[in-house]
Amino acid sequence: MSNAIALLDCNNFYASCERVFDARLKEKPVVVLSNNDGCVIARSDEAKAIGVTMGSPLFKVLDLLETHDAEIFSSNYALYGDMSLRVMNLLHNFTPEVEIYSIDEAFLNLEPRKNSLDNLAHSIREKMYKWTGIPVSIGIAETKVLAKIANKRAKKGELREKGVLNLYRSDKTEPILKETLVQDVWGIGYRSTLKLKANNILTAWQLREMDNRFARRLLTVVGARIALELRGIKCLPFEQVQTKKHSITCSRSFGQTVTNYIQIKEAILYFLTRACEKMRKHNLAANAITVFISTDRFRPVPEPYTNSATYSSTYPTDSNQEIQEWTIKTLERIYKKGFDYRKAGIILSGLVPNENLTTRMFDDEKFQQQHKLMKAIDEINQKFGKDTVRFGSVKTEASWKMKQTRKSQSYTTNWNEILTVS
DNA sequence: TCTGGGGTCCTAGGACCC
DNA sequence: TCTGGGGTCCTAGGACCC
């Protein structure tokens, strides 16, 4: 018998994290904002109930939130990352086969012993709440795509209280697929929905029943796989080992528009510093960098301009100095005078392990020295705080800095901000 | 005034080789 | 330069996810 797949999803994860450490927030609407305090990216049930929608710009819902005495937070990724780690680690107490899919979701590969799936799911849910304070929902089915649907359903209506729905070999699957709209199927986005609707395919059940060659022609192999998964045929592999990173991005919308080259360059080099730190933390080196800049998406001045360019090198490196040179060359190719820029970023790609990098034909000694220097700088900054040591060309305070005026404390990751009990 | 950021996978098309 | 099929590798762009 083929294994059952369970999807565990933390309810309203960021909002729930904030709640764990602040008793005041119980039964109050809570929302968490994106970077720059721009959009709502997480909502407690109470916030959903008063009509705050996912992704709404804060300025559009601020009145509503204040009327209902809601609590508003800037995102605190250190806190959420740490809470995620706790949840994921605990899962291994229940089953060895865990695939961490995102910060708040994991797939479990379960042997379908009779009547035990439901019990196991309920037990995970209860213990997870007791141990971490995070409420979770669990959906179970034959495949990942079906488990996603079961999970979504487990959060709805009467099932919400129980938080578990098991569709593995269940006769409830068919009626549920008939009620599920095609745009609510995992992997079917806006574009695919339009194509499916044009062909009169509106429900998950109709997608399941599609001729597979037609599905492939309309939606490529991606869509064809989803259709098969809906039939209970596993097409998406269960991946326990974390696959290696392929790219590292750092980008921001600016607090205000930036016009001059010097400031754009400062911002870009700041992003580069952050991305390189992350890269070395994962023991990686890059051989390519992409730089992109863009005018305001909503109010472009004088007209829309977005551009990007990539620099590829023969040798991968993990040295800031070297990548900085690539970056500046690349930025010069796309920067145009006379535009008000609102967003910029960089992507490091061609990532390889940074141990035993190929010996260079020229300047190898210089490169090895830089490699060691970077290691030393990272260690100092780790110990004494971000940017204690930095390159002279990299500024830390500037007009493009992020707005974050509503951040909670780093309860779990910073000794100075640990929870106080009185 | 105010509208996020970080990823992956797939495909088509170009460059190049035999 | 043309004639031809078959193959790989790379990149830009599209689509989707959390």
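Each chain gets a letter, A, B and so on, in the order the sequences are listed, and its residues count up from 1.
A:Asp378 and A:Arg280 are joined by a salt bridge, as a carboxylate oxygen and a charged side-chain nitrogen come within less than 4.0 angstrom of each other. Of the charged side-chain nitrogens involved, none lies within less than 4.0 Å of a carboxylate oxygen, so that A:Glu179 and A:Lys156 do not count as a salt-bridged pair.
Listed by chain and residue number, A:Ser56 satisfy the side-chain contact (heavy atoms from CB on, under 4.5 Å) test with A:Thr53 (two or more places apart in sequence, or in another chain). Partners of A:Phe238 under the ring-ring contact (aromatic ring centres under 6.0 Å, His included) rule, at least two apart in sequence or in another chain, do not exist in this structure. A:Thr193 is linked by a side-chain contact (heavy atoms from CB on, under 4.5 Å) to A:Val182, A:Gln183, A:Ile188, A:Lys197, counting only residues two or more places apart in sequence or in another chain. Partners of A:Arg342 according to the side-chain contact (heavy atoms from CB on, under 4.5 Å) rule, which considers only residues two or more places apart in sequence or in another chain, are A:Thr257, A:Asp296.
For the residue pair A:Tyr270 / A:Arg274, a side-chain donor-acceptor distance below 3.5 Å is found, with atom types taken as modelled. For the 3.5 Å distance criterion, the side chains of A:Ser137 and A:Asp9 fail to qualify, holding no donor opposite an acceptor. Using a 3.5 Å distance cut-off with no hydrogens or angles, the side chains of A:Tyr80 and A:Glu18 do pair a donor with an acceptor. For the residue pair A:Ser408 and A:Asn76, a side-chain donor N or O sits within less than 3.5 Å of a side-chain acceptor on the partner. A donor atom on one side chain and an acceptor atom on the other are found under 3.5 Å apart for A:Thr290 and A:Thr310.
The side chain of A:Ser34 places no N or O atom within less than 4.0 Å of a non-bridging phosphate oxygen (OP1 or OP2) of B:dG5. Residue A:Arg299 places none of its side-chain N or O atoms closer than 4.0 Å to OP1 or OP2 of B:dT1. The phosphate of B:dG5 (OP1 or OP2) has a side-chain N or O of A:Ser253 nearer than 4.0 angstrom.
Of the C1' atoms belonging to C:dC17 and B:dT1, the separation is 32 Å, rounded to the nearest Å. When the C1' atom is used for both B:dG4 and C:dA12, the distance is 24 Å, rounded to whole Å.
In this structure, CZ of A:Arg406 is placed 16 Å from P of B:dC2, rounded to the nearest angstrom.
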Could you list all N or O pairs between the protein and nucleotides 8-13 of chain C that sit under 3.5 Å apart?
none

Under 3.5 Å between N/O atoms: give me all the protein pairs with nucleotides 15-18 of chain C, atom names plus distance.
{"from": "C:dC16", "atom 1": "OP1", "to": "A:Gly189", "atom 2": "N", "distance (Å)": "3.1"}
{"from": "C:dC16", "atom 1": "OP1", "to": "A:Ser192", "atom 2": "N", "distance (Å)": "2.8"}
{"from": "C:dC16", "atom 1": "OP1", "to": "A:Ser192", "atom 2": "OG", "distance (Å)": "2.4"}
{"from": "C:dC16", "atom 1": "OP2", "to": "A:Tyr190", "atom 2": "N", "distance (Å)": "3.4"}
{"from": "C:dC16", "atom 1": "OP2", "to": "A:Arg191", "atom 2": "N", "distance (Å)": "2.9"}
{"from": "C:dC16", "atom 1": "O5'", "to": "A:Gly189", "atom 2": "N", "distance (Å)": "3.4"}
{"from": "C:dC16", "atom 1": "O3'", "to": "A:Gly187", "atom 2": "O", "distance (Å)": "3.4"}
{"from": "C:dC17", "atom 1": "OP1", "to": "A:Gly187", "atom 2": "N", "distance (Å)": "2.5"}
{"from": "C:dC17", "atom 1": "OP1", "to": "A:Ile188", "atom 2": "N", "distance (Å)": "3.2"}
{"from": "C:dC17", "atom 1": "O3'", "to": "A:Trp186", "atom 2": "NE1", "distance (Å)": "3.0"}
{"from": "C:dC18", "atom 1": "OP1", "to": "A:Lys148", "atom 2": "NZ", "distance (Å)": "2.6"}
{"from": "C:dC18", "atom 1": "O3'", "to": "A:Ser102", "atom 2": "OG", "distance (Å)": "2.8"}
{"from": "C:dC18", "atom 1": "O3'", "to": "A:Asp104", "atom 2": "OD1", "distance (Å)": "3.1"}
{"from": "C:dC18", "atom 1": "O3'", "to": "A:Glu105", "atom 2": "OE2", "distance (Å)": "3.2"}

Quick one: side chains of residues 100-107 of chain A, donor-acceptor pairs under 3.5 Å with protein atoms, not counting sequence neighbours, listed by atom name and distance.
{"from": "A:Ser102", "atom 1": "OG", "to": "A:Asp104", "atom 2": "N", "distance (Å)": "3.3"}
{"from": "A:Ser102", "atom 1": "OG", "to": "A:Asp104", "atom 2": "OD1", "distance (Å)": "3.0"}
{"from": "A:Ser102", "atom 1": "OG", "to": "A:Glu105", "atom 2": "N", "distance (Å)": "3.4"}
{"from": "A:Ser102", "atom 1": "OG", "to": "A:Glu105", "atom 2": "OE2", "distance (Å)": "3.3"}
{"from": "A:Glu105", "atom 1": "OE1", "to": "A:Lys148", "atom 2": "NZ", "distance (Å)": "2.5"}

Contacts under 3.5 angstrom, residues 214-226 of chain A side chains, donor-acceptor by atom type, not counting sequence neighbours:
{"from": "A:Thr220", "atom 1": "OG1", "to": "A:Val222", "atom 2": "N", "distance (Å)": "3.3"}

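Contacts with DNA chain B (heavy atom under 4.0 Å) in residues 51-82 of chain A: A:Pro57, A:Phe59, listed by number. For the contact set between residues 202-237 of chain A and DNA chain B, defined by any heavy atom under 4.0 Å, the members are A:Thr220, A:Val221, A:Val222, A:Arg225.
For A:Tyr341 and A:Tyr335, the distance between ring centers is under 6.0 angstrom.
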* With Watson-Crick and G-U wobble geometry limited to distances under 3.5 Å, how should the secondary structure of DNA chain C be encoded in dot-bracket form, using | for bases paired to another strand and [ ] for crossing pairs? -> ....||||||||||||||
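Listed by first and then second residue, the salt bridge (Lys or Arg N to Asp or Glu O under 4.0 Å) pairs that reach into residues 68-79 of chain A are A:Arg24-A:Glu71, A:Lys28-A:Asp69, A:Lys28-A:Glu71, sequence neighbours excluded.
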